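Worksheet: the structure to be examined is printed underneath.
Every number for a ligand or one of its atoms is a count from 1 in the order of the listing. Here the structure is a predicted model, which is why all the values come from computation and not from measurement.
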Amino acid sequence: MNRRSIPIRNFNFIDSTLREGEQFRGTHFTIEDKREIASLLDRFGVEYMELSTPVASPQSAAAIRALADTPRRFKLLTHIRANMDDARLAVDCGVDGADVYIGTSRHMREYSHGKSLEQVIEIGAEVIRFLKEQGAETRFSTEDTFRSNFADVMTVYRAMDLAGVDRVGVADTVGIADPLRTYNLISNLRDVVDCDIEFHGHNDSSCAVANAFCALQAGATHIDTTVLGIGERNGITPMGALVGRLYTCDKTLVEKYDLRLLPEIERTVAEKLGIEIPYNTPITGEVAFHHKAGVHTNAVLKNPTTYEAIAPEDFGLSRIIDVAHRLVGRNAIRDHAVSRGLDLPEDALQLATAQVKLMADERPITVEDVDRILEKMMLPMDD
Ligand code: HCA
Ligand code: CU
């Protein structure tokens, strides 16, 4: 079926850095770390934060209680299995809502909880009703949705919608979905339920951002993200990359967020994890605004949008025009000379450009090499 995509308007980020992100290799967030990350993300403007289940450990419960008592704008969620004990403890910890999940695929039903579809619906509805009675916002998601029987998951979602759930969640638990499948599943779900729809996508085959974007185009209202995409295995949709995707689609979509905080948020989390921000991360990777080839730098110097879909200034960042290589052009050399306070005539710039290229053909060069060549051009010529 060929459907028109729904204009993306009202969407929410559910930041799961303190839940899915706790499942990332080597994550060990203290309560203070959790407070600091939550405070940065609150200032950024994420609408929700999801924390690990209070059942996981005493610290997990204490962290939820601590954030529940902290002034904040985001809604505080925890992620729980579909059972009453977990739901009671979540409410007791003071959350605004609970993200309830249960597996519906044959794998999950056979090897995980061992429940029939009828039992899944029964326990799901009981948990949702209880949480609603306690004034909590509720979400019910089917883990491993894409390997579940389509009719089964639609039956479960419909039953949860009728039980009064606020949103149903689609989870690509093992990262096998592609944008078209995501789009189709969510479009079909949009016709089956009246409640909101959440998407949670893993990145095993590099589609997490594209899938999240297509989920929004198909009518999803909530997207699970983590800072730098951390999570089980290689993680889920990275918040920064999804911001980039939405920005390039329509910049006003993300103006509700404090974009200039993104670099600090990612640096903070990376430091706590003892990892580098990957060089090719959209927006914050060290080469995200690096321009090199002469044709590119020439145009970018005249008008950056020629080769930039995202303006670095909007994120408090700046572009780099690389002049220390054999692909350099005269305009980039002129711009660099001006930035060094050197006023050189065109023929000198041409000569300097040629010298930079020759030197770069012989060995890798640095900006200091370029500076030396330009400074020599300023000296009076011997005759
Ligand atoms: C997991 C569970 C989950 C849950 C997603 C959700 C997944 O850690 O395996 O609640 O929507 O990916 O299925 O993260
Ligand atoms: Cu997950």
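- Counting only N and O atoms by type, the side chains of S60 and S57 include a donor and acceptor under 3.5 Å apart.
- Within 6.0 Å of NZ in K376 there are 12 or fewer heavy atoms belonging to other residues, nucleotides or ligands.
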side-chain hydrogen bond (donor to acceptor under 3.5 Å, both in side chains) evaluation trace for H291 with E308: CA-CA 9 Å; H291 300 278; E308 274 175 4; 2.7 Å; yes
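- Of the inter-residue distances, the one linking T353 atom OG1 with R330 atom CZ reads 7.0 Å to the nearest 0.5 angstrom.
- At most 12 non-hydrogen atoms from other residues, nucleotides or ligands lie less than 6.0 angstrom from CD of E122.
- The residues R181 and D172 are annotated as not salt-bridged, no charged nitrogen and carboxylate oxygen being separated by less than 4.0 angstrom.
- Residues satisfying the side chain to side chain contact (heavy atoms under 4.5 Å, CB included) criterion with A241, sequence neighbours excluded, are V209, P238, P282.
- Note on the Cu ion (ligand 2): protein N, O or S atoms under 2.8 Å away count 3, no waters included.
- Every residue meeting the side chain to side chain contact (heavy atoms under 4.5 Å, CB included) condition with E368, not counting sequence neighbours, appears here in chain and number order: T366, R372.
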Provide, line by line, the atom pairs where ligand 1 and the protein bring an N/O atom each to a distance under 3.5 Å; else say none.
residue  : atom   : partner : partner atom : Å
ligand 1 : 8 (O)  : Q23     : NE2          : 3.0
ligand 1 : 9 (O)  : E143    : OE2          : 3.3
ligand 1 : 10 (O) : H79     : NE2          : 2.6
ligand 1 : 10 (O) : R139    : NH1          : 3.3
ligand 1 : 10 (O) : R139    : NH2          : 2.8
ligand 1 : 10 (O) : S141    : OG           : 3.4
ligand 1 : 11 (O) : R139    : NH1          : 3.1
ligand 1 : 11 (O) : S141    : OG           : 3.0
ligand 1 : 12 (O) : H200    : NE2          : 3.1
ligand 1 : 12 (O) : H202    : NE2          : 3.0
ligand 1 : 13 (O) : T173    : OG1          : 2.6
ligand 1 : 14 (O) : R19     : NH1          : 3.2
ligand 1 : 14 (O) : R19     : NH2          : 3.0
ligand 1 : 14 (O) : E20     : OE1          : 2.9
ligand 1 : 14 (O) : H200    : NE2          : 3.1

T284 vs E266, side-chain hydrogen bond (donor to acceptor under 3.5 Å, both in side chains): CA-CA, chis, key distance, verdict: CA-CA 8 Å; T284 51; E266 294 191 348; 2.3 Å; yes
